[in-house]
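Below is one structure, written out as structure tokens; comments come after it.
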Amino acid sequence: MLMFLADPRKLHGVRHPVAAITAVALAATLTGARSFQAIAEWATDAPADQRERPLQGPNAAR
């Protein structure tokens, strides 16, 4: 569902998929992040399986 979001960013810098950024931000917020800095810290510190799980969908094997 997140893959249908419009991407308003310019064409410079690293281009992570907007769905991935939204999913990571949502996961971080659900675990208590309340600022952009806290979301960035969560994305840096979270184990890979926690960062990737929101992108795999609800039926992904765990």
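What you see is a predicted model, and the numbers here were worked out from it, not measured in a lab.
Annotation: side-chain hydrogen bond (donor to acceptor under 3.5 Å, both in side chains) contacts involving residues 25-38, sequence neighbours excluded, comprise T31-W42, Q37-E41.
Remark: T22 pairs with no residue by the side-chain hydrogen bond (donor to acceptor under 3.5 Å, both in side chains) rule, at least two apart or across chains. Scanning for side-chain contact (heavy atoms from CB on, under 4.5 Å) contacts around A25 gives I39, with sequence neighbours left out.
The hydrophobic cluster containing L26, built from Ile/Leu/Val/Met/Phe/Trp/Tyr side-chain heavy atoms closer than 4.5 Å, also comprises L30.
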